[in-house]
Number of protein chains: 2
Amino acid sequence: MNTIKNRISALQTEMQKLNLDAWYISGTDPHSNEYLPARWQTCSFISGFTGSYGMLVVTRNDAGLWTDSRYFIQAEDQLRGTGISMNKLRVPNAVSPEVWLTEKLKVGNRVGIDAQTISVTGFKNLKNTLAEKEIELVETPDLFETIWIDRPQVSTNKIFELKLQFAGVPRKVKQAQIADALKKTGAGCHVVSMLDELAWLYNLRGSDIYFNPVFTGFGWVGENENYLFVDKNKLPSELISKLKKEGIILKEYAEFYSFIEEVKNKKVFLDESTANYSIFSLLNKKNEIVSGTSILAKFKALKNKTEIAGFKNAMKKDGVALVEFHAWLKENIGKTEISEFVIGRKLADYRSKQKDFKGESFSPIVGYKEHGAIVHLSVGKADALPVEADGILLFDSGGQYLDGTTDITRTVALGKITAQQKRDYTLVLKGMIALSKSKFPYGTKGCHLDILARKPLWENGLNYGHGTGHGVGHFLSVHEGPFAIRQEFNENLIEPGMVMSNEPAFYRIGEYGIRTENMMVCVEGEKSEFGQFLEFETLTLCPIDTTLIDLKLMTNDERSWLNAYHKNVNSELKPLLAKELHGFLDELTVRI
Amino acid sequence: MNTIKNRISALQTEMQKLNLDAWYISGTDPHSNEYLPARWQTCSFISGFTGSYGMLVVTRNDAGLWTDSRYFIQAEDQLRGTGISMNKLRVPNAVSPEVWLTEKLKVGNRVGIDAQTISVTGFKNLKNTLAEKEIELVETPDLFETIWIDRPQVSTNKIFELKLQFAGVPRKVKQAQIADALKKTGAGCHVVSMLDELAWLYNLRGSDIYFNPVFTGFGWVGENENYLFVDKNKLPSELISKLKKEGIILKEYAEFYSFIEEVKNKKVFLDESTANYSIFSLLNKKNEIVSGTSILAKFKALKNKTEIAGFKNAMKKDGVALVEFHAWLKENIGKTEISEFVIGRKLADYRSKQKDFKGESFSPIVGYKEHGAIVHLSVGKADALPVEADGILLFDSGGQYLDGTTDITRTVALGKITAQQKRDYTLVLKGMIALSKSKFPYGTKGCHLDILARKPLWENGLNYGHGTGHGVGHFLSVHEGPFAIRQEFNENLIEPGMVMSNEPAFYRIGEYGIRTENMMVCVEGEKSEFGQFLEFETLTLCPIDTTLIDLKLMTNDERSWLNAYHKNVNSELKPLLAKELHGFLDELTVRI
């Protein structure tokens, strides 16, 4: 705790030097990465809170951290004794850090921020809210450079090409797609600052970020522009030649900001929700900015045929790994010592035996009994609960394969279970099935569909505090936009080719958590005089625990869906499983 | 047709005098009335189109009308031969009048508009879109004053007080509620320009507008301000004394604009989506404008206990009238000559026998066979179809009673019906029941719930092109905001006390239309650790035709809901119906 207090105090000293009354730590890096490279884990460095979503504000004599319901419990635990208050976001009557600041500070006060670590939207909102109370927002240097001794450097890991057999569409074609879409906006070039968009555009991958096979860089693309800013030492020389031959101009990563400072009299497209404010601020001086949802994000979300075929292949491998894991669990539970941590490692081990496996797609969430109710739990070796032949276990995990990214959650009975557990589990399953089976006309958005997954819970006065579905990248980020299935408004339509999760859940704090998550792809359905209808095809191939189902609560249609799903899982996985597991697979996929 | 051409030509002459290249007719009046007083039926005067939603733009050599899917067929019919093009709104790739104008006009052109006939939002959007192409938007006088000989005057109908036994809450209390809510916005007074908000605030009613029991006026209300602008000749002298005694300052309607021109250094709250631009433009010069959803609209939507009890009483009367009508229809169909028009009149006749009936709440929509597919059909004596003992009839009608406003649609079989008609009818009914039965946590919005009503249709590749539910005023407008159940985003929550329609539908163009509409009130349901849950209580008391139901498509839960509904309808209406109709009511509400 003293370490934390000392760090905050060091920061306050730096703030004083710059005559700042507060410093705002947005909790992100220059690329809006979800999983932060070590160098940018500033929130964790200064507060000790290790959740993936957090913002921090330090004033001359106070400090507050903000996070959402996934991390309330974890943050309270980790902040205890640091003097940093825990503040809830995305709950009714939430007090945002901006509002908190206006309450703490006075007219004429100055708030500092490193503008490379906040999106344009974030900066503008913050600036406006503070301006209403006549508080100034000031761009400052990165103060961590001074107070963080031994701060990690940017990774130097090698970049490799994702072959066309996996990527499906050549770089040239992607550039042409973007140039074409740019024309409709009047802009001539597009800033690429999100690392997954950069990796997608150039069919390149790296390993700079935990769980996301991306590399640190920037892009600048248009009909007549094609720049990739990257540490050239990370590129194999043959790849350099190949990219150059295709007309891609390679520049050093460090050159990006000076490059855009020189750009003038252009119409530049950028996504204010993801581009950092420094980029905007440099370009805005001499150019016209066209703002909108990233064109790359939109194209990237619409998976091509090769990518979808890849996902399907990845799902078979993932399914085999999960059945093997399940068999190991069944064999050993109650007999040897197994912890949540061990289970996480075992899941990765079984996946790693599969072809083209490149790593986990996120840190596995393995929640036994009361730990299951901590939504984005991350347990280390030390705090992992022992798992026994009793109650229920939730595990959410995924793999990165060259042919696709997976994300799956299953909840399984390990022993004695209660009627309430069965009811809760069945309500969650009914929601998952309702969304899986849904049919809807072109034009439907995620916020329209979300209720399908919640309805069975709502009818019983229950709910869950997170979204229902997120986009999944193709051998890229396990969470991607621009659409989502959740209650919040989001203008992006659900369109054919989009791959997403379907993960309703239910948590009884202090008791257990339930989540059942499949991945799906949106496909065209019936076309009638009332328009083109769309539906979902489930991608995930893994048994859903039928012993936890309260059959009385299931309709015939729901049973049919589950039986058809299990029949498919059985026939897809059996040829790939060792003979001795065939009986076990039959058991897991039994007709109900 | 020549009349229309002459009028457009007269308008073009006036435009030329003012050096205008186009004139924009927003299709509304200074109070954003849905049903326009005769004086403001400008769109109909100039084009001949009589639908309730239309915009018109006239250039030096062209004219276009815009409307939505409710009126596509009607508008095409009515515009034939006028030279005015029909343009679709609220469809994919719709070209708005603004965009149409930018395509027709050139840099430096001038577009005129009477700013009293457009909302602030409308004016700003129009101005911005035109400015992008360097086209100027100019405030002009009302050109209809010149070209419309014999233009009707503002109504001089008397105003009356809605007694507390119906209104439930005194004027003073409403003023205090508004003053309290205003404080949170920092504003000291609220512009009241919507006539239903004005009537609600002062517990007064009038008859200036067809179907809406309101009077023409403006209001200006805050903690220390309470002005009512109205033609004083319309107020009985005792009412004048009473209002004055309560501290309400009465001013002439015509004085409003000069009054606000004098206001200075205040913070004034107005709803930019409903206040006309002239109001904004006059106030904005010397005051600070606080914009937001009308505070009066929000309070008005939350019906008080007296209003809800009134609605329930009105529904009994409405139900009796409808059963009597149905009995008459059954008795006479196929025997005497009955037209759609006659049916509309009969519906009003039966309602008019009920206590405290004050008129229809909208022009009845009676659609037999193919006419049923015209969503907001309005047939006169001349074009009404004869109704025979065959096929299906849709009728949507409502009453204004002192104790509440009603809005109900039923679709009934008059003779031979097809399997497809039964299936379509049942899918619509399933959607209506799903929304009626829904339970949802506090925080849910209309766009989240909309899918419940559409899902059974969507599953069969079918859909309807309008919203699912609208707010209903208490002895006020049959359509009111600020919330709605439809796919479009709307930030307003569904809250306890809100009264609304539930009206999924299905239309086969050229064949028939189906709509089943009940009114419901939102009420509190279960309160759990997951929040306060809400649900709906159905208000409408009228049998739903069970002979049109395809029972194979109904779940047990849906049948139970309908049986419980019919049991309630039977027990509520029977004591109020003549003995000879008891058997008929039993037939209509038979268990399925």
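Every chain is numbered from 1, with letters handed out A, B, ... down the list of sequences. Note that the structure is a prediction, hence the values are computed from the model and not measured.
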From [X] atom [atom1] to [Y] atom [atom2], the distance as rounded to the nearest 0.5 Å:
{"X": "B/Leu457", "Y": "A/Lys439", "atom1": "CG", "atom2": "NZ", "value": "13.5 Å"}
{"X": "A/Asn463", "Y": "B/Glu529", "atom1": "CG", "atom2": "CD", "value": "11.5 Å"}
{"X": "A/Asp557", "Y": "B/Thr555", "atom1": "CG", "atom2": "OG1", "value": "10.0 Å"}

### Message
Given 3.5 Å as the limit, does a donor-acceptor pair link the side chain of A/His448 with the main chain of B/Ile451, or not?
### Response
no
### Query
Has B/Glu134 got more than 12 heavy atoms of other residues, nucleotides or ligands less than 6.0 Å from its CD?
no
Find the one option among [options] whose heavy-atom pairs under 4.5 Å with chain A are most numerous.
{"options": "B/Pro92, B/Gly525, B/Ser528, B/Pro441", "value": "B/Pro441"}
{"options": "B/Glu491, B/Arg454, B/Glu459", "value": "B/Glu491"}
{"options": "B/Tyr464, B/Trp458, B/Phe440", "value": "B/Trp458"}

Is [X] in contact with chain A via its backbone, its side chain, both, or neither, using a 4.5 Å heavy-atom distance?
{"X": "B/Lys455", "result": "side chain"}
{"X": "B/Lys445", "result": "side chain"}
{"X": "B/Gln487", "result": "both"}

### Message
Looking at every heavy atom in both B/Cys447 and A/Cys447, which two are closest together, and how far apart are they?
### Response
SG-SG, 4.1 Å
### Summary
Between B/Phe530 and A/Leu462 the two heavy atoms that sit nearest each other are CE1-CD2, 3.7 Å
